Amino acid sequence: MKSNKSEKVHNKKENRGKKEKKEKKPIIFGDEEVQNIPFSQIFKYSNGKEKLMTLFGIISSIIQGCAFPLIIYNLGDMTDSFISLVVNLKLKKITGIDNDNVLQDIMSVVSSGNLTNVVNLEQKYPNYDLQNLYNNFRQSDYASYDFNATNGFEFKKVDDIFHELYKYFVLFAVIAIVSFITTFIYNAFLDVSALRQSTKIRSLVFKSLMKQDIPWHEKANPGELSSRIISDTLLIEDGIGSKIGMLYQNLTTFVFCMIIAFISGWKLSLYMSGTFILVTIVVIIMSTVLANITKKAQDSYATAGGIAQETFSQARTVVSFGNEQKESDRYTQKLMPTLKLGMKKSHILGISMGLIFGVAYFSYSIAFIKGGQFVNKGELIAGDVLKILMSVMFGASSFGMCGTSFTAISAATGAAAILFHIIQREPKINKESGECPSQPLKGHIEFRDVHFTYPSRPDTEILKGINFKCLPGQTIALVGASGSGKSTIVQLLERYYEKSDGQILIDGKEIEGYNIPWLRSQIGLVSQEPILFDATIAENIAITCPGATPEQIETAAKLANAHEFISKLSHGYQTKTGEKGLQLSGGQKQRICIARALISNPNILLLDEATSALDNQSEKIIQKALDSVSVGRTTIVIAHRLTTVRNAHCIIVMNKGTIVECGTHEELMAKGNTYYHLVKNQELKAENIKDLTNEMTEEINDDSIKYSDANDNFENIASSNSELIVKQKGTGSEAQSTSINESKNIDWRRPYLDYNKPVWFKNIIGIIGSLFNGCMQPVCAYIYASAINAFNKQGNDLLDSTKFWGLMFMVLALANFIAAYFKNYGFSSAGEYLLYIFRKEMYDSMIKQDISFFDTGDKLFADSNNNSSTNVNSNDSSNNTSVGTLTAKLSTETTLAQGLNLNFGTILETITGVIVCFVIAFCHGWKLSLILLAFTPFLFIGVYIQMKEMASKNDEKRRIFENSTKIAVEAILGVKTVNALNLEDRFSTLYDNNLVEPQKRIEHKHYTSGLGIGFGNAMSFISYGVGFYFGFVFLKNGELDFESMFRVVMAIIFTSNTIGQASTAGPDFVKAVDAFKRILRMISRQPKIDASDPKGIQKESFNGKVSFNQLRFSYPSRPDITVLRMGSENIEIQKGKTLALVGGSGCGKSTLIGLLLRWYDAQCGDIKIDGEKNTNYNIKWLRQQIGIVSQEPCLFNISIKDNIRYGKDDASDEEIQEAAKKANIHNFIMSLPEGYDTLVGGEGTSQMSGGQKQRIAIARAIIRSPKILLLDEATSALDAESELVVQNALEEASQGRTIITIAHRLSTIKNADIIVVMREGRIVEKGNHEELLKKKGDYYEMILAGDNGV
């Protein structure tokens, strides 16, 4: 049943939805409204050099935009010259006179109609029978033609015609050279400028993210943030790069074409211009609608990306609960809207492009029909009609091509709105203001009536009038139930939040008066959840003191009892910790964090459950070290293990945001109130060793405590089986080498066809559209040339001919609309479907991989061009499949592969166009076609250069995105730790280095690509000149007629335009194919441990008897280090019994749990459950029988209810509440404004305490009612009271279940049936509590270390 509260929330959402339909929805990011930015502001982060490059690029694009209008203008005059040549040749044929001088004199007489002049000519040219010639002329087609100079039919000598044409040929050459230079400049300069600006924007966004306050981060989605930095800046780079040059080029071409058209004949131009109203409307609507759809899709992708990032980072939790499919469904659900939006976008794109080209061809129809009428009336000549027609044709085409640029620019401004908002946002807590005293703090801390409410939960007051003082050098301990406000006090001292009321004073000055980075530099913090960064151990320890010497690092590590286990690692202090420190155990991470806090020698120490992840002996040693270093420092300790705070100067007991009592340990014990009961609940009643405690305590003196811990080995380099290690190394290297070889030879064609089967109809439509579209340009050239030939006629012949070809253009317009719609809709919609499927299946495959995939350097995404040898290196962090890398791959690879269909269509269109063009050309003039064919390879050279450089450039970009995203994800998820340690500048520098390092190489590729584009353009113009020159020669020699010559030349001109399209589609096709290959490798990757495999045993009755037999295991990420070495030892747990695993951090306890759950499989030995090897069971079924609570509670950014239901999909609300009650979290949940519907918050920005999250995790495990319950430090984050309640609940829930528990608090496992003590991956002792005490071995010493007299 839904609560009234949730119904109200639901109703509010419905009402808000209705309201949004009426009002325009503003852009909202987090909980802030984002202002749209005008395009003029998109360059605001460019420097002077970039502005200059942009200016030169735009000027060059404008000059380039003038090239085609200049060609058209002169082409009209050239046409008049060619018509004069046709007249010349025709008259020579009619008269039989080859002498131009004689023919010119005769035609001047004939055209005058004065017969007396004929008599004079007979006297001048007695050898010619002029009367007979005159009669022949009157009987020819030209008899009725007017040969005056105004109508273009003026007789000219061949030499004069050639001189006219020669200047045009020279002009073509000049235009080709200028075009080469300007095209290179605008493509290279604008793309390089855009690259630099987008890099700067990424850097500024990341810097701004690092300076934002914690409340803002809590409301933002970490996955969305890291996703937007890449995806949105790509949109900006696309919108301010060469597409701006294309826009200015196309607009310039449009403007100058229209000027030429109106100068040549304003009436005809006016008739044709009416069509531009339609084109303009189409372009505006297309740009607006597509930008809106693109933004919605980007938002959906960002949300889905956040889910993917969260799931990848918590893969162990997902796998353990068998919720791979559930996570896949959750991701798919957020992805579904993008498919619908994509289909809508495809329809709009198809209709828009169809209308643009259809209207353009319709305008040609008007040009010929009305143009013929104007020529017939003598208002225009043929050359003018040609100028107007070509001007309008190419002007319309150029204006239509602006749509792509407008869409890109619109998308860029939309993307820039949110990113610029982030850059410009000033955090409410200003880190830069405040005083930086010259002297360090003394450490006098005072809270005066402090009230506080979290910004995300304004209705719930956390601190309710807190008052206390801490004098310099004193240690104050904060104890109490989880969620009572202890950690909040620490977070207020770190200035994560601003208090609601009251005063916080440090050294008598209000905390707000200090500069925040300076204040944090005075404070050493160790948090409850240890956060390490993907660097070496030495770098992690010295991360706040980059100049620390190796000796200082070792000293800090010794103080934290970490030196010995670090020294035994294969790379010592240079060992990589892995992302989030995953290569280390919880205890080892905690000790490194303690060392990190101590190395800076702070005057104030804040220890928030600093030793919660440590075993008793390590805790005692470290506690002694902390007590030692705390002398002279102000220390505030939060602890649930009360043994660690008994020596505090003052112990403050908190409950529900208030202080209930305070005093020293002795004073509070004497009162017998809250603290007394907390202590008693934690006492370990080992009555049979009380008499020996004092004796043992005397033996353990300060001199005997060494800063080392034999129980704290993570691994031992010396291995009794070196052959196994060598074998593992060889296998790893061989496997990776095989993967790289496979990536080169992978056959992508058949899988590509298989993926397209569900959208076969759309693809067929697209193919038909591409084939017809490819034919359109050659057919248009054919009709165009035929229609031009009509202007060699006059009178009714002219009118009939132009009308006929005008109607042909109408048919062509309709055909082009259908073809353009088919191509764009068919392939775009198929591409949108493939994008959806690729993302879905790629994510599905990723999330269903075994855990080793997330740990090791999987070579799925290796560069196929990389032939270097690859060896397994356990210390190479680049081998880690990081969360950021996986998230970036999921986005970039699928987006690239999306264009495969559309680019295939464009290439098919290009090939069809080229073939049909040359068929037409060869049919009408094979010699001229052969000459022009020689230029075709040169046209393709430019395309090849561009394709090659673009493919290489995109590889570089992909690496940038992966590396920078990895850094961004790490910093954003650990934002509180980054703030506390003042690491904002460090991460910003690291991020910038990853962006800037390959920038020069990418810029070089942009320049080379620009050369290719410029070369292709230049060769196009040269081919025009060559075509017309040889056309003149062949026409003069009678080898071609005018119509055939024009058909050949126009076919070649249109072919060059078609090839130009390939310069864009070719490189994109190559990118798409490469991306598709990488997607295929990911989707087809079979996990070594496949949870989706239906095979395996599924028993009707499952008892839960477990045995671990002679196990030997090394993590795949570190095959040279053996973690478990049980030898001949076995561990056996009977049904319903409890096994407790104890020992130093890193001794292999959690590894056993991982092997039982089949996160990994052991190299030697086996694990049996009910007599069967765990590898024989169906994995999903087996995991359903097991519940787990991990040491670090991993919750998802969904509601509390859904987090608990994560353990059981079909759980009812009553079951959820019952589980929450057993985990002692129900009352807290009900106190929240939205109750069980409250969002938990993202990783690193959750608003809940560690204890609260742990209890939710326990409820998640309890609701599962598992046969086997795994508790890995399940109560480590709980206060004593909650621990007692939860421990009792766990014991109650354990009835009839097999329990395997890992605990450092030995009070929680004293009743276990079997206790196994581990050291260095070996079993050193096993038995029950009493048996082990009698042995007086390792367990006995742990008890003594943890007793401490409480």
Side-chain angles (χ1 to χ4, degrees), residues 316 319-322 585 715 721 724 728 850-852 855 1087-1091 1093 1095-1099 1101-1116 1119 1122-1143 1146-1190 1261 1264 1266-1272 1294 1297-1302 1312-1326:
R316 284 170 172 77
V319 166
S320 300
F321 285 94
S585 72
E715 60 271 346
N721 193 347
L724 176 65
Q728 288 167 344
D850 50 88
I851 295 300
S852 64
D855 291 345
K1088 296 165 189 169
I1089 302 172
D1090 189 359
D1093 188 350
K1095 297 177 183 176
I1097 299 170
Q1098 298 186 42
K1099 293 186 174 182
S1101 62
F1102 185 81
N1103 296 320
K1105 178 185 175 183
V1106 181
S1107 63
F1108 300 91
N1109 307 305
Q1110 304 174 13
L1111 293 174
R1112 185 181 188 85
F1113 176 70
S1114 300
Y1115 282 102
T1122 306
V1123 179
L1124 275 181
R1125 52 179 96 248
M1126 288 174 59
S1128 60
E1129 289 283 349
N1130 299 324
I1131 304 171
E1132 189 169 311
I1133 320 108
Q1134 296 298 322
K1135 169 191 173 183
K1137 300 297 182 182
T1138 300
L1139 164 68
L1141 300 173
V1142 298
C1147 67
K1149 306 184 299 293
S1150 296
T1151 303
L1152 284 174
I1153 283 182
L1155 292 174
L1156 178 62
L1157 281 163
R1158 292 204 64 198
W1159 291 351
Y1160 312 93
D1161 284 335
Q1163 285 88 15
C1164 295
D1166 59 54
I1167 299 172
K1168 290 185 176 179
I1169 305 174
D1170 287 357
E1172 286 284 351
K1173 290 183 180 180
N1174 69 334
T1175 53
N1176 294 338
Y1177 284 97
N1178 176 274
I1179 301 174
K1180 186 172 180 62
W1181 181 86
L1182 176 63
R1183 287 171 178 167
Q1184 285 173 349
Q1185 316 307 312
I1186 302 173
I1188 182 172
V1189 182
S1190 301
R1264 200 171 175 82
K1267 298 290 184 182
I1268 300 173
L1269 188 58
L1270 309 177
L1271 306 172
D1272 187 356
S1294 301
R1297 295 186 175 89
T1298 303
I1299 308 296
I1300 299 177
T1301 182
I1302 296 173
D1313 298 289
I1314 306 172
I1315 299 172
V1316 173
V1317 183
M1318 300 187 69
R1319 186 200 312 147
E1320 299 179 10
R1322 295 186 175 90
I1323 298 170
V1324 293
E1325 290 180 341
K1326 59 182 175 180

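Because the structure is a prediction, the values reported are computed rather than measured. The first residue of the sequence shown is numbered 1, and numbering continues consecutively from there.
Asp850 places no side-chain N or O within 3.5 Å of a backbone atom of Pro1087 that could act as its donor or acceptor partner. Of the possible polar contacts, one joining the Tyr1177 side chain to the Ile1169 backbone as a donor-acceptor pair under 3.5 Å is found. Side-chain N or O atoms of Glu1129 include none that pairs as donor or acceptor with a backbone N or O of Gln1110 at under 3.5 Å.
Atom CD of Gln1184 sits about 5.5 Å away from atom NZ of Lys1180, to the nearest 0.5 Å. In this structure, the separation between OG1 on Thr1301 and CD1 on Ile1315 is 10.0 Å, given to the nearest 0.5 Å. Atoms CG and CD, from Leu1124 and Gln1163 in turn, are 9.5 Å apart once rounded to the nearest 0.5 Å. Interatomic distance, OG1 of Thr1298 versus CZ of Phe1102, reported as 7.5 Å (0.5 Å rounding). Annotation: the span from Glu1132 atom CD to Ile1314 atom CD1 amounts to 7.5 Å, rounded to 0.5 Å. With rounding to the nearest 0.5 Å, the separation of CG in Leu1270 from CD1 in Ile1153 is 5.0 Å.
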Given side-chain contact (heavy atoms from CB on, under 4.5 Å), test Leu1152 with Leu1156 step by step and report yes or no. CA-CA 6 Å; Leu1152 284 174; Leu1156 178 62; over 6 Å; no
Pair Ile1133-Asp1313, side-chain contact (heavy atoms from CB on, under 4.5 Å): steps then yes or no: CA-CA 8 Å; Ile1133 320 108; Asp1313 298 289; over 6 Å; no
Checking Val1106 against Ile1268 for the side-chain contact (heavy atoms from CB on, under 4.5 Å) test, could you report, in this order, the C-alpha distance in whole Å, the side-chain angles of both residues, the deciding distance, and whether it holds? CA-CA 9 Å; Val1106 181; Ile1268 300 173; 3.8 Å; yes
Does the pair Leu1271 and Ile1300 meet the rule for a side-chain contact (heavy atoms from CB on, under 4.5 Å), with working shown? CA-CA 6 Å; Leu1271 306 172; Ile1300 299 177; over 6 Å; no
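No side-chain heavy atom of Arg316 sits less than 4.5 Å from a side-chain heavy atom of Ser1190. Between Phe1108 and Val1316, every side-chain heavy-atom pair lies at or beyond the 4.5 Å cut-off. Within the 4.5 Å cutoff, no side-chain heavy atoms of Ile1167 are placed close to those of Asn1109. At least one side-chain heavy atom of Lys1105 sits less than 4.5 Å from a side-chain heavy atom of Gln1134.
The aromatic rings of Phe1113 and Tyr1160 sit tilted relative to each other, their planes meeting at an angle between 30° and 60°.
Scanning all heavy atoms of the two residues, the minimum distance from Ser320 to Leu1157 falls at OG-CD1, 3.8 Å. Nearest heavy atoms, Arg1112 versus Ala1162: O-CB, 3.7 Å. What you find for Asp1093 and Asn1178 is that their closest heavy atoms are O-ND2, 3.0 Å. In this structure, Arg1264 and Gly1187 approach most closely via the heavy-atom pair CD-CA, 4.0 Å. In this structure, Leu1182 and Asn1174 approach most closely via the heavy-atom pair CD2-O, 3.9 Å. Between Ile1323 and Asn1130, the closest heavy-atom pair is CD1-O, 4.3 Å.
Among residue pairs with one or both ends in residues 1160-1173, those qualifying as salt bridge (Lys or Arg N to Asp or Glu O under 4.0 Å) are Arg1158-Asp1161; sequence neighbours excluded.
Taking a cutoff of 4.0 Å between a charged side-chain nitrogen and a carboxylate oxygen, Arg1125 and Glu1320 do not qualify as a salt bridge.
When only modelled atom types and interatomic distance are considered, Ser852 and Trp1159 share no side-chain donor-acceptor pair under 3.5 Å.
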Output side-chain donor-acceptor pairs under 3.5 Å for residues 1135-1142, partner residues at least two apart or in another chain, one line each.
none

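Scanning for side-chain contact (heavy atoms from CB on, under 4.5 Å) contacts around Ser1150 gives Asp1272, Ile1302, with sequence neighbours left out.
Residue Lys1326 qualifies as enclosed at atom NZ: its count of foreign heavy atoms under 6.0 Å is above 12.
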